[in-house]
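Residue numbers start from 1 in every chain, and the chains themselves are labelled A, B, ... in the order their sequence lines are given, proteins ahead of strands.
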Number of protein chains: 2
Amino acid sequence: MIGNLIEYINSKIDSKLTESDIDLLSETFHLKRIRKHQYFIQSGDVCKIAGFIVKGALKKYTIDNLGKENILELYIENWWAGDKESFMIGTPTPYYIDAYEDTDLLVITKEDFNNKLSKLSCLTELNNALTERQSFQLMKRLYSSQTLTAEQRLEQLQNTHPEFFQRFPQHIIASYLGMTKETLSRIRSNALKK
Amino acid sequence: MIGNLIEYINSKIDSKLTESDIDLLSETFHLKRIRKHQYFIQSGDVCKIAGFIVKGALKKYTIDNLGKENILELYIENWWAGDKESFMIGTPTPYYIDAYEDTDLLVITKEDFNNKLSKLSCLTELNNALTERQSFQLMKRLYSSQTLTAEQRLEQLQNTHPEFFQRFPQHIIASYLGMTKETLSRIRSNALKK
DNA sequence: AAAAAACGTTGATGTAAGTCAACGTTTTTT
DNA sequence: AAAAAACGTTGACTTACATCAACGTTTTTT
């Protein structure tokens, strides 16, 4: 289990993790299993853990006053799940995250993150790099959301994250793209006719 | 001029800048004046400088194939202007940034940022904190863009950034909010009738 | 194996917001 | 002071996409 995390970190940093780094990681991260449809976090929670996905798939969303899910992020293997703002600052999260497949996570508490992992400078750097990357991608998604048509947004997602289409059903993809499942279905059937 | 930057940094960090820190900053940042309508960066440029706004107002936007501006960010005093992705990674920017008012910036080159400022750990930390904050805000804007009506988005901006309404004309605010100037105008006149 | 739930599609209809165009007012330029 | 540009508003019309509803298929649960 922890092997996936080690491999992931090594692939993202310039140096390599030492034996003692790996020991530290092994005793700090814990396995958490979530079955399909179970929550990882719920709106109102303070997000006290962050999780690295070893296996499985999750979705992050809000629920509006009509009970409709608005999906904001999709997560699969080798991604981090959680609400970073709530985790870092300690504010209640407005989001839900639940498992779309049975999922294995390696989780870490805020305390361990602050106390134990701050010693691993490569991890702090990795965290910073990921935050930065996340912010670049959000900028692009915001731009797409404001300026592209539903059809263009679909095409873009097919280019940037083709794997999502293998893992999530169409109505979830549609919500992630900010459109209804009916619209997505019609776009696809029109595309076929061409 | 540099006083504004010092004051800004001191207000954002836990400690205070030392005399030698201030000397380093003074010799690293340079004043750049941009007159109204001039570009700070243009699409295709590699963004080699980042700028702290001492006085003035700028807008960041793309231009679509019909020549229409899509405004992504608005900047005023005490903000940083630039395309961070292009600045950090060295890729050509897809954005334009130009001055909406005559603007004074304190700018720093990528080389100086890497070589000189890496010595100031408080600045690296500030940079990381700002990136993180930026990413949280982009998440909220993405959510708003995908789920709120034009009217709700306007109301939200009036709460979060009332200052924009003093500094930018309505058609710029409208574009920033992802709607047309006509829609914004109609929303406001409807709101008045209530 | 049967029942229930989840999923995807299609048609009819509704609507929020965009487009186009004209016009008055304010600001900037010369 | 005159001309030009920028700005904001309003009306008529269009459109992309949402909503509502029904139905067939596939997957999951029991």
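By the 4.5 Å heavy-atom criterion applied to side chains, B:Phe165 and B:Leu157 are counted as neighbours. Looking at heavy atoms from C-beta onward, A:Leu17 lies in side-chain contact with A:Ile9 at the 4.5 angstrom threshold.
Where the helix from C:dA1-D:dT30 to C:dT30-D:dA1 starts and where it ends, the local axes point in directions that differ by 60°; five pairs per end, rounded to 10°.
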Heavy-atom contacts, protein to nucleotides 9-22 of chain C, under 4.0 Å, summarised as B (base), S (sugar-phosphate only) or - (none) per nt, yield SBBB----SSBBB-
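Atom CD of B:Glu69 is separated from atom C1' of D:dA6 by 13 Å (rounded to the nearest Å). Between A:Leu177 atom CG and D:dC17 atom P there is a gap of 12 Å when expressed in whole angstrom units. Rounded to an integer number of Å, the gap from CG of A:Asn190 to P of D:dA16 is 12 Å. The distance from atom NZ of A:Lys36 to atom P of D:dT27 is 11 Å, rounded to the nearest whole Å.
Put simply, A:Tyr100 has no side-chain N or O that comes within less than 4.0 Å of OP1 or OP2 on C:dA6. Put simply, A:His171 has a side-chain N or O that comes within less than 4.0 Å of OP1 or OP2 on C:dG8.
When atom types are taken as modelled, the side chain of B:Asp112 and the backbone of B:Lys116 share no donor-acceptor pair closer than 3.5 angstrom. Proximity of a side-chain donor or acceptor of A:Ser11 to a complementary backbone N or O of A:Tyr8 within less than 3.5 Å is detected.
When the side chains of ILVMFWY residues are joined at heavy-atom separations under 4.5 Å, either directly or via intervening members, B:Ile49 and B:Leu123 end up in two distinct hydrophobic clusters.
Near DNA chain D, meaning a heavy atom under 4.0 Å away, there are no residues from residues 159-168 of chain A.
Judged by a 6.0 Å distance limit and a 45° cone about the ring axis, A:Lys60 is positioned over the six-membered ring of A:Tyr95.
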Note to self: Go through it in stages, so that I can follow the logic: the residues are A:Lys36 and A:Asp102, the test is salt bridge (charged side-chain N to carboxylate O under 4.0 Å, His left out), and I'd like the CA-CA distance, side-chain angles, deciding distance and then a yes or no.
What the structure shows: CA-CA 5 Å; A:Lys36 182 164 184 168; A:Asp102 293 349; over 6 Å; no
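Atom CZ of A:Arg133 is surrounded by 12 or fewer heavy atoms from other residues, nucleotides or ligands within 6.0 Å.
In this structure, B:Phe164 and B:His161 have parallel ring planes: the angle between them is below the 30° cut-off, well short of the 60° mark. Aromatic ring pairs are classed by plane angle as parallel below 30°, tilted from 30° to 60° and perpendicular above 60°; the pair B:Phe113 and B:Phe87 is perpendicular.
For the residue pair B:Ser20 and B:Asp23, no side-chain donor N or O sits within less than 3.5 Å of a side-chain acceptor on the partner.
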